Amino acid sequence: MEEAWVSLLSKCSSLKPTKQIHAQICKTGLHTDPLVFGKLLLHCAITISDALHYALRLFHHFPNPDTFMHNTLIRSLSLSQTPLSSLHPFIQLRRQPTLSPDSFTFAFALKAVANSRHLRPGIQLHSQAFRHGFDAHIFVGTTLISMYAECGDSGSARRVFDEMSEPNVVTWNAVLTAAFRCGDVEGAQDVFGCMPVRNLTSWNGMLAGYAKAGELGLARRVFYEMPLRDEVSWSTMIVGELLREEIRTNEVSLTGVLSACAQAGAFEFGKILHGFVEKAGFLYVGSVNNALIDTYSKCGNVAMARLVFQNMPVARSIVSWTSIIAGLAMHGCGEEAIQLFHEMEESGVRPDGITFISLLYACSHSGLVEEGCGLFSKMKNLYGIEPAIEHYGCMVDLYGRAARLQKAYEFICEMPVSPNAIIWRTLLGACSIHGNIEMAELVKARLAEMDPDNSGDHVLLSNVYAVAGKWKDVSSIRRTMTEHSMKKTPGWSMIEIDKVIYGFVAGEKPNEVTEEAHEKLREIMLRLRTEAGYAPQLRSVLHDIEEEEKEDSVSKHSEKLAAAFGIAKLPKGRILRIVKNLRVCGDCHTVMKLISKVYQVEIIVRDRSRFHSFKDGFCSCRDYW
DNA sequence: CCACCAAATG
C-alpha cells in the first residue's frame with residue numbers, strides 16, 4: 001500500500017499533482033503514517049524544487065511530531081537547494097522539553113552543513129554534539145570528518161579522526177576523500193596505503209580523486225588494478241573523459257562491448273552502458289542504437305529494445321528495422337514483427353535478405369504459417385530477392401514446428417539448392433517435438449551421411465525414441481555415442497545477480513553456490529508439489545533408468561538451479577533473467593510456469609533459439625516452441 | 001514493546 005503511493009509520487013515532478021496525491025493519501029488515513037509522511041516530505045524537498053514551503057506546512061500540521069519526524073524533516077531539507085534551512089527544525093527540536101535529539105539528528109544536521117559548505121554552523125553543531133555525547137558515535141564522527149573536509153578545514157577533519165577509537169572502513173573512506181578534497185594527493189595516497197580494509201568505495205574514491213586532481217595516468221592505473229568495478233567506477237571513467245578517447249577513435253569498440261553483453265545476456269551491465277551512451281552523446285551514432293536494440297532484445301528486455309527503437313534521434317536504417325524485427329521474433333511477438341515490417345515498407349526503407357530471415361523466424365516461432373508463406377513469396381516476387389539456404393531453413397522450421405512434417409519434407413526435396421545438414425537438423429528437431437519416429441529415422445539417415453559426428457543429432461533422435469518408450473533404441477544410440485567417444489554437450493545456465501554472473505552446469509562438483517541452489521530448489525519443488533500439484537515429467541530424460549533416478553536427473557537441470565538461486569538471492573519483485581546454452585526441456589518449462597505462479601515472480605529464460613517469459617503460470621511462447 | 005530515518009565513492 002505504502003509502496004503504491006511512493007511509486008505514484010515518484011512519477012510526478014510538480015507541486016500540483018503532488019497536492020492531489022496528498023489529498024488522496026489523507027482520505028486513506030495514511031498521512032499520519034511516519035513512513036508515508038516521510039516520503040512525502042523528501043519528495044517535496046528534493047524532487048520538486050519549489051515545494052519546500054509546502055513541505056514545511058505539511059510538517060506544521062502534523063500532529064505531535066516526534067524525534068523521528070523531526071529527523072526526517074532535517075534530512076529532507078538537508079538534501080534540498082537550501083540545506084541550511086534544516087537548522088530551523090533542529091533548533092525547534094532542541095527547544096522541545098519532551099523531545100531530545102539523537103545520533104540521527106546530528107548526522108543529518110551535519111550533512112546539511114557539509115552540503116552548504118559553511119564552516120561556522122558546523123563548529124557550533126560539533127560542540128553541541130560533544131555536549132550530548134554524540135561526537136563519539138561512529139556515524140556522527142564520520143559525518144564530522146566529511147563536513148570539515150567539505151568546508152575546507154582539513155586540520156579539524158584530521159583531529160576528529162585521530163580521536164576516534166574504532167574507525168571503520170567508511171570512516172577511512174571519509175578521511176581518504178577529505179585528503180583529496182583539500183588537494184592533498186600525497187596525503188590521500190598515504191591514507192590509502194594505511195587502510196586496514198578496503199572496499200569498492202575506497203577504490204572508487206581513489207579513482208575519482210585522481211581524476212579530479214587531473215592525474216589521469218594514475219586514475220587509469222587504479223581502474224586497471226581495481227579488483228572489481230561497478231557502475232560508479234565506469235561512470236567516473238566516462239565522465240572524466242578517461243575512456244572517451246578510446247571510444248571516440250572508433251565507436252566500433254563500443255558496439256563491440258554491447259554485442260558482448262548481448263551474447264552473455266548481461267542485462268544489468270547493458271543498462272550501464274546505455275547510460276554512458278546517452279551521457280557521452282553516442283546516441284547520435286546510428287550503429288550504437290542498433291547495437292542497443294540487439295543487446296536489449298538478447299538480454300530479454302524487448303520493451304527496452306522497442307523504446308530505443310522508437311526514440312532513436314537519428315534515421316532508422318535497414319539494420320535498425322531488422323534488429324527490432326529480429327528482437328520481437330525472439331520474444332514470440334510474431335504479429336507485431338509483421339506489423340513493423342509493414343511500417344518499414346511504408347517508410348520507404350527497402351528490406352533485404354536478412355530482414356526476411358528475421359521475419360520468417362518470427363512467423364515460425366509464433367505459428368504463423370500462412371503469413372510466413374506469403375512473406376516468402378513476397379520476398380521473391382515483389383522484392384526480387386533470391387532465397388538463400390537460410391530462408392529455406394526458416395521455411396522448413398515454419399512447417400515443421402506447425403506439425404506439417406510431410407510438407408516440410410517435400411519442401412526440402414523441391415528446393416532448387418541442395419539441403420545442408422542444418423536444414424535436415426531443423427526437420428529432425430521438428431520430428432522430436434512432434435514425436436514422429438519414421439520421419440526422424442529417415443532424416444537421421446541423411447544426416448549420418450553428411451555429418452556423422454554431430455552428437456546433437458544423436459541426442460535428438462534418442463529423445464524421439466525415449467518419448468515413445470523405445471528404450472532399446474535409446475541405449476543403442478548411447479552405445480554408438482560412447483564407442484565414437486561423442487560427448488553430449490553439457491547444459492549450462494547462468495543468472496546475473498547484482499552485476500555478478502553465476503553459472504550452473506548440470507552434474508558439476510558441488511560448491512557453496514550450487515549447495516545453496518540445490519537446497520532452495522528442494523524447498524521449491526516441495527512447495528510446487530503441495531501447492532500446485534506438480535508431478536515431474538520424465539520424458540525429457542535421455543536414458544532408460546529407474547524412475548526415481550530419472551526424477552533426480554531432471555531435478556538437476558541447470559536452469560532449475562539458476563532459478564532457485566535467483567529466488568534465494570534476488571529481492572522480491574525482481575525479474576529472474578536466465579540464459580541457457582541448450583533448449584529448455586519440457587519439465588523445466590512446466591516448473592518455470594509453476595514457480596512464476598506460486599512465487600509471483602517473472603522469469604525470463606533465453607534458450608538456444610528464443611526467449612520464454614514466464615508470468616502468472618503462463619509462458620510467452622504459449623507452449624509453442 | 002519493536003521497527004521504519006543515519007556516515008564514505010559518481
Side-chain angles (χ1 to χ4, degrees), chain A residues 1-3 6 30 32-43 45-46 59 65-79 86 89-90 93 101-115 125-126 129 134-150 157 160-161 164 166-181 188 191-192 195 197-213 219 222-223 226 228-243 272 275-276 279-280:
Chain A
M1 193 62 203
E2 291 133 36
E3 281 155 31
V6 172
L30 269 172
T32 49
D33 182 303
L35 256 163
V36 174
F37 187 71
K39 296 282 191 226
L40 197 65
L41 281 186
L42 271 170
H43 180 74
I46 309 163
F59 184 77
D66 57 0
T67 303
F68 170 78
M69 227 47 255
H70 277 89
N71 290 348
T72 310
L73 182 64
I74 295 171
R75 173 168 173 245
S76 303
L77 297 177
S78 80
L79 295 166
S86 43
F90 177 78
L93 173 63
D102 59 11
S103 59
F104 288 85
T105 317
F106 283 101
F108 291 138
L110 283 166
K111 177 80 188 168
V113 173
N115 287 346
L125 275 176
H126 187 175
F134 283 121
D135 62 325
H137 191 283
I138 184 108
F139 285 165
V140 177
T142 308
T143 323
L144 271 170
I145 293 171
S146 69
M147 182 275 288
Y148 277 124
E150 283 292 339
V160 174
F161 178 69
M164 282 178 79
E166 280 175 39
N168 61 16
V169 213
V170 183
T171 317
W172 278 98
N173 288 338
V175 176
L176 180 72
T177 43
F180 271 126
R181 195 142 292 150
V191 172
F192 191 71
M195 286 177 77
V197 214
R198 282 174 205 148
N199 59 15
L200 196 49
T201 305
S202 329
W203 285 95
N204 282 335
M206 275 316 264
L207 182 65
Y210 278 143
K212 264 201 199 123
V222 169
F223 184 74
M226 287 174 81
L228 210 76
R229 288 172 205 130
D230 68 353
E231 202 178 326
V232 177
S233 338
W234 281 98
S235 70
T236 307
M237 293 297 279
I238 291 284
V239 171
E241 314 237 333
L242 290 164
L243 289 179
I272 294 172
F276 296 156
K279 258 189 234 161

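A, B, ... follow the sequence lines: proteins, then strands. Residue 1 opens every chain. All values reported here derive from a predicted model rather than from experimental measurement.
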Q: Side chain to side chain contact (heavy atoms under 4.5 Å, CB included) with A:T201: which residues, sequence neighbours excluded?
A: A:N173, A:N199

Q: So which atom in A:N115 and which in A:S78 form the shortest heavy-atom distance, rounded to 0.1 Å?
A: ND2-O, 3.0 Å

Q: Reading nucleotides 3-8 of chain B from the 5' end, what letters show protein touch, with B for base, S for backbone sugar-phosphate only, - for no heavy atom under 4.0 Å?
A: --BBBB

Q: What heavy-atom pair brings A:T171 and A:T142 nearest, and what distance separates the two atoms?
A: OG1-OG1, 3.3 Å

Q: Under the rule for ring-ring contact (aromatic ring centres under 6.0 Å, His included), what residues qualify as partners of A:F104, not counting sequence neighbours?
A: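 ring-ring contact (aromatic ring centres under 6.0 Å, His included) check on A:F104 returns nothing, list empty.
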
Q: Should A:T105 and A:F134 count as side-chain neighbours, where that means a heavy-atom distance under 4.5 Å?
A: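 Side chain of A:T105 against side chain of A:F134, heavy atoms only: no contact under 4.5 Å found.
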
Q: Please determine if a side-chain N or O atom of A:K212 lies less than 4.0 Å away from the OP1 or OP2 oxygen of B:dT9.
A: no

Q: In whole Å, what is the span from the CG atom of A:L200 to the P atom of B:dG10?
A: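 Computing the A:L200:CG to B:dG10:P distance gives 12 Å.
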
Q: Take the protein atom CZ of A:R198 and the nucleotide atom P of B:dT9, then report the distance between them rounded to whole Å.
A: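 From A:R198 CZ to B:dT9 P: 18 Å.
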
